[in-house]
Amino acid sequence: TPSSSTIVIIGSGLAGYTLIREIRKLDKAAPITLITREPGYFYSKPMLSTALASKKEASQLITTASEGMASQLGIDILAQTDVNAIDTAAQELQTSAGLISYGKLVLALGADQIRITLEGSAVSEVITVNDLEDYEKFRKAIAGKKKVAILGAGLIGCEFANDLVLGGYEVDVIDLAPQVLGRLLPEPAARALQDKLSEAGVRWHFSTTVQTVNRNGDALEMKLANGQSISCDVALSAVGLRPRLDLAKSAGVKTGVGIQVNRHLETSSSNIYSLGDCAEVDGLVLPYVMPIMQAARALAPTLLGQVTALSYPAMPVMVKTPALPTVVSPPAKGADGQWKTTTVEGGIEARFEAPDGKLLGFALMGAATSQRATLTKELPPLL
Ligand code: FAD
């Protein structure tokens, strides 16, 4: 049973488990309890958008089962357990398995897929894929089917589109923006990715949105705001993520876009910390793997009494689109500067430069992705 000295971590995603690994590098014995809604297995979430073409079942994406994680890391796991409330004064959690005390609490709650408002009889049939169970449901839904429509041409939408065309599906992608990866790529680079994915069989519907989804026998019929109709077998929504805030909010822990933490990953409540997709670190919400690695490395010593400030170097993100491999390191929001895009042999190099010529962000495609390390060194740190 967890006591008042126990580190309690909520969430068994990359954030929760990476943090525990970092703690164990420093301290083999500190008592740790992991509470999670999921079965407690470890899997790689980024593979959810690249595993369909290779026909992988959900179980094949699990690296280690819950029991293995518990014994490997020397922790207690309360799996399939919901945390419903935090009593910050008593340092106690209300869970579906009863009351749990904590010495230090870490919120590694992740994010939910955003659902846009839709009308029609089949709204509840629109699928989102955000964890392994969703992936298995989606796999079952598309088995033996031909046509998938994807809402959203962002990172995850594009990756699924590429994976599905590789798997032999017909794919329509709808997005409100006039291009793919609206916030990450300048227009000529976006066009190159669109063209490659078009060649692979993706059909684009830009500057519009889905209004209604209705079931019509075996098919789903979508009506778009531009008057077009799309018929598909399965609809997948990938329009963005929203940090999970409810638990923190109702406990009086300060939230903004995410659960707000300082560079020590401390929330506004004492002995409560946060990292991963749910966290807003010094104003930044970065729902990617690399920021989690950095945050876990700083938070582990902090939890053990060696307070350590987090810094973020520039952290480029791979867009897993084999049709045109792409690496992006977007400029900070509101950064002053402009994109300069050049076509190089077998690829594209786009640099976002400040008025004084300093590199603030980049996008590299195809053969130009080999410049990733060189350009990353030129970038200023994020934090
Ligand atoms: P999650 O993995 O969502 O974990 C949250 C955990 O909290 C879960 O275990 C959940 O059950 C638990 N939880 C939440 N609330 C409660 C509660 N009240 N009680 C109990 N448990 C609770 N990033 C990259 O850098 N590169 C990529 O190529 C990439 N590809 C991606 C592809 C896809 C399809 C997706 C969806 C994401 C991708 N990402 C990628 C993002 C990356 O996967 C995430 O940043 C990362 O996995 C988030 O980990 P997390 O632990 O913060 O959240």
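Order of listing sets the numbers, starting from 1, for every ligand and every atom in it.
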| Can Lys358 and Glu353 be counted as an ion pair, charged N to O under 4.0 angstrom? | no
| said: Just to confirm my output: which protein heavy-atom neighbour is closest to atom 19 (N) of ligand 1, and how far is it? | reply: Val83 N, 2.9 Å
| request: Kindly check if the number of other-residue, nucleotide or ligand heavy atoms within 6.0 Å of CG (Asp246) is above 12? | output: no
| field | Verify same cluster id: Leu241, Phe160 (apolar side-chain graph, 4.5 Å) | value | no
| field | Salt bridge flag under 4.0 Å for residues Glu378 and Arg351 | value | yes
| task | Give the atoms of ligand 1, by number and element, whose distance to some non-hydrogen atom of Asp82 is under 4.0 Å. | result | 19 (N)
| message | Could you tell me, atom by atom, which parts of ligand 1 come under 4.0 Å of a heavy atom of Ala108? | response | 5 (C), 6 (C), 7 (O)
| query | Can Thr50 be said to touch ligand 1, with heavy atoms closer than 4.0 Å? | reply | no
| task | Would you indicate whether the side-chain heavy atoms of Ile348 and Leu364 approach each other to under 4.5 Å? | result | no
| query | Counting only N and O atoms by type, is there a donor-acceptor contact under 3.5 Å from the side chain of Asp163 to the main-chain atoms of Leu52? | reply | yes
| request: Looking only at distances, please establish whether an N/O atom of ligand 1 is found under 3.5 Å from an N/O atom of Thr36. | output: yes
| What atoms of ligand 1 come within less than 4.0 Å of a heavy atom belonging to Gly276? | 52 (O)
| said: Is it the case that ligand 1 has an N or O less than 3.5 angstrom from some N or O of Leu155? | reply: no
| field | Any donor-acceptor pair under 3.5 Å from Thr212 side chain to Val210 backbone | value | no
| request: Please report the C-alpha distance between Asp82 and Arg37 in whole Å, then the side-chain angles of each, then the deciding distance to 0.1 Å, and finally whether the salt bridge (charged side-chain N to carboxylate O under 4.0 Å, His left out) criterion is met. | output: CA-CA 5 Å; Asp82 255 285; Arg37 223 180 243 162; 2.8 Å; yes
| query | Do Ser12 and ligand 1 have an N or O pair less than 3.5 Å apart? | reply | yes
| field | atom 14 (C) of ligand 1: nearest protein contact (heavy atom, Å) | value | Leu109 O, 3.2 Å
| field | Protein contact of atom 31 (C) of ligand 1 - nearest heavy atom, named by residue and atom, plus distance | value | Pro46 CA, 3.5 Å
| request: Look at atom 9 (O) of ligand 1 and say which protein heavy atom is nearest, naming residue and atom and giving the distance to 0.1 Å. | output: Glu38 OE1, 2.5 Å
| By number and element, which atoms of ligand 1 are closer than 4.0 Å to a non-hydrogen atom of Ile292? | 45 (O), 46 (C), 48 (C), 49 (O), 52 (O)
| Between the candidates Met290, Gln80, Lys320, Met318, which shows the shortest non-hydrogen contact distance to atom 28 (O) of ligand 1? | Lys320
| task | Starting from atom 1 (P) of ligand 1, locate the nearest protein heavy atom and write down its residue, its atom name and how far away it is, to 0.1 Å. | result | Lys45 NZ, 3.7 Å
| said: I'd like to check which ligand 1 atoms, numbered from 1 as shown, lie under 4.0 Å from a non-hydrogen atom of Pro287. | reply: 41 (C), 45 (O)
| query | Mind checking whether Asp277 has an N or O less than 3.5 Å away from an N or O of ligand 1? | reply | yes
| message | To check your reading of the model: name the closest protein heavy atom to atom 4 (O) of ligand 1, its residue, and the distance in Å. | response | Gly13 CA, 3.5 Å
| request: Please report which non-hydrogen protein atom sits nearest to atom 21 (N) of ligand 1, along with the residue it belongs to and the distance in Å to one decimal place. | output: Arg37 N, 3.1 Å
| message | Restricting to non-hydrogen atoms, name the atom on Ala15 and the atom on Gly276 that form the minimum distance, rounded to 0.1 Å. | response | CB-CA, 3.8 Å
| query | What residues, two or more places apart in sequence or in another chain, satisfy salt bridge (Lys or Arg N to Asp or Glu O under 4.0 Å) together with Arg203? | reply | Glu170, Asp172
| request: Look at atom 53 (O) of ligand 1 and say which protein heavy atom is nearest, naming residue and atom and giving the distance to 0.1 Å. | output: Gly110 CA, 3.3 Å
| message | Can you give me the closest heavy-atom contact between Tyr169 and Lys145, atom names plus distance? | response | CE2-O, 3.0 Å
| request: Pull out every atom of ligand 1 sitting under 4.0 Å from any heavy atom of Ala15, numbered as shown with elements. | output: 50 (P), 51 (O), 52 (O)
| field | Proximity of Val289 to ligand 1 by residue part, where a heavy atom lies under 4.0 Å | value | both
| Numbering as shown, the atoms of ligand 1 that approach Ile10 to under 4.0 Å (heavy-atom distance) | 19 (N), 20 (C), 21 (N)
| said: Do Arg372 and Phe362 form a cation-pi contact, if we require the NZ or CZ to be under 6.0 Å from the six-membered ring centre and within 45 degrees of the ring's axis? | reply: no
| query | Do Thr33 and Tyr102 have side-chain heavy atoms sitting under 4.5 Å apart? | reply | no
